[in-house]
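Worksheet: the structure to be examined is printed underneath.
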Amino acid sequence: MEIHTRRVKDVLVADLAGRLDSRTCGPASTELNRIAQAGDRKVLLNVAGLEYVSSAGLRAILVAAKLLLAHNGTLKICQTNPTVKQVMEFSGTSSLLDLHPTEADALESFA
Amino acid sequence: MHGASGETEPTETVVIRNHLSELDRVDAMVERFGERTGLSAETLARFRIVCDDVLSNVIAYAFPDDGEHDVEVRLTMVGRRLVVRVSDDGIPFDPLSVAPPDLNAPLAQRQIGGLGIHLVRSLFDEVTYERRADRNVLTLASKVADEPGRPERLAEHDTPAQGG
């Protein structure tokens, strides 16, 4: 599980790659929470490289999203593969996290 | 029930100890199962998700004595149905008795826990729990709907029809 950040104008983009599950969610959660509290208000998770996410991984994302919300920020997600999308839909997280098919769509929606 | 007599159902079993690091061995088993059955990457990922959710739950809650325990995981393909069975000798616990989380609550009020079993039930058609001989036995079954988007994998592992 890897998380790398980059900046696209005023949006902080975090690229997630690998498997986000019970074994990897600890360090991933620490990093996502750090990102959520670092002062950025527009945060986009690009999950193109994410193979799958289990409920432990969803929790990590939801906790970060809540933290960001508490700092008046917004978390969005883009480029989910079919499995990740399905998990987010079934778990009801897709309605909270504003999914976008492409990074361009997501960046535009922040404006 | 079984049509093809003499044809064994592909099965993989692994017995792990109650540590999260042992889930690596479940990954290896899913990998082997994938190679034998030619199931798509998506189907295998769903498999991994439910294994992660069910097993991390068992490891976290089934053994309040903090002792060493074994958890058995078995994967079987019965026709086009995929069956996962997880059994452990932990305290009696029926995960199906857990109330589903409120999926309509807004983010600020959203409960963070309780998603695991809900997700497992969404990803598989049938989930049954039994307490059998002092063991929790959770069985998950789902028809495989591998999409025609990956014909190369299906073709590669396709065997001529039996029954000759």
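In what follows, chains carry the letters A, B, and so on, assigned in the order in which the sequence lines appear, proteins first and then strands, with residues in each chain numbered from 1.
Of the two parts of A:Ser22, the backbone and the side chain both hold a non-hydrogen atom closer than 4.5 Å to a non-hydrogen atom of chain B. Heavy atoms closer than 4.5 Å to chain B are found in the backbone of A:Val53, but not in its side chain. Looking at A:Gln86, only its side chain comes within 4.5 Å of chain B, counting heavy atoms on both sides. Looking at B:Asp24, the atoms closer than 4.5 Å to chain A (heavy atoms on both sides) sit in the backbone and in the side chain alike.
Interatomic distance, A:Thr83 OG1 to B:Leu123 CG, rounded to the nearest 0.5 Å: 9.0 Å. For the atom pair B:Asn57 CG and A:Ser55 OG, the distance stands at 8.0 Å (nearest 0.5 Å). Between the CG atom in A:Asp21 and the CD1 atom in B:Ile49 there is a gap of 9.5 Å [rounded to 0.5 Å]. Interatomic distance, CD of A:Glu89 versus CG of B:Leu119, reported as 12.0 Å (0.5 Å rounding).
Contact annotation: the side chain of A:Leu75 never approaches that of B:Leu107 to less than 4.5 Å [non-hydrogen atoms, C-beta and beyond]. Here the side chains of A:Arg23 and B:Asp27 are in contact, with some heavy-atom distance below 4.5 Å.
No continuous path of hydrophobic side-chain contacts links B:Val15 to B:Met29 [ILVMFWY only; heavy atoms under 4.5 Å]. Under the 4.5 Å side-chain contact rule for hydrophobic residues, A:Leu32 and A:Met1 share a cluster. Linking ILVMFWY side-chain heavy atoms closer than 4.5 Å, directly or via other members, places A:Val84 and A:Leu99 in a single hydrophobic cluster. By the criterion of side-chain heavy atoms lying less than 4.5 angstrom apart, applied directly or through intervening Ile, Leu, Val, Met, Phe, Trp or Tyr residues, B:Val83 is not grouped with B:Val137; the two fall into different hydrophobic clusters. Hydrophobic clustering (ILVMFWY, side-chain heavy atoms < 4.5 Å, transitive): A:Leu20 and A:Val13 are in distinct clusters.
Closest non-hydrogen pair, B:Ala105 versus A:Leu96, comes out as O-CD2, 3.6 Å. The two atoms that bring B:Asp53 and A:Ser54 nearest to each other are OD2-CB, 4.0 Å, heavy atoms only.
At distances below 3.5 Å, not a single donor-acceptor pair connects side-chain atoms of B:His118 with backbone N or O atoms of A:Gly92.
Within 6.0 Å of CD on A:Glu2 lie no more than 12 heavy atoms contributed by other residues, nucleotides or ligands. No more than 12 heavy-atom neighbours from other residues, nucleotides or ligands sit within 6.0 angstrom of CD on A:Glu108.
A search for ring-ring contact (aromatic ring centres under 6.0 Å, His included) contacts involving A:His100 returns nothing, not counting sequence neighbours. Here A:Arg6 pairs with A:Asp15, A:Glu103 under the salt bridge (charged side-chain N to carboxylate O under 4.0 Å, His left out) rule; sequence neighbours left out.
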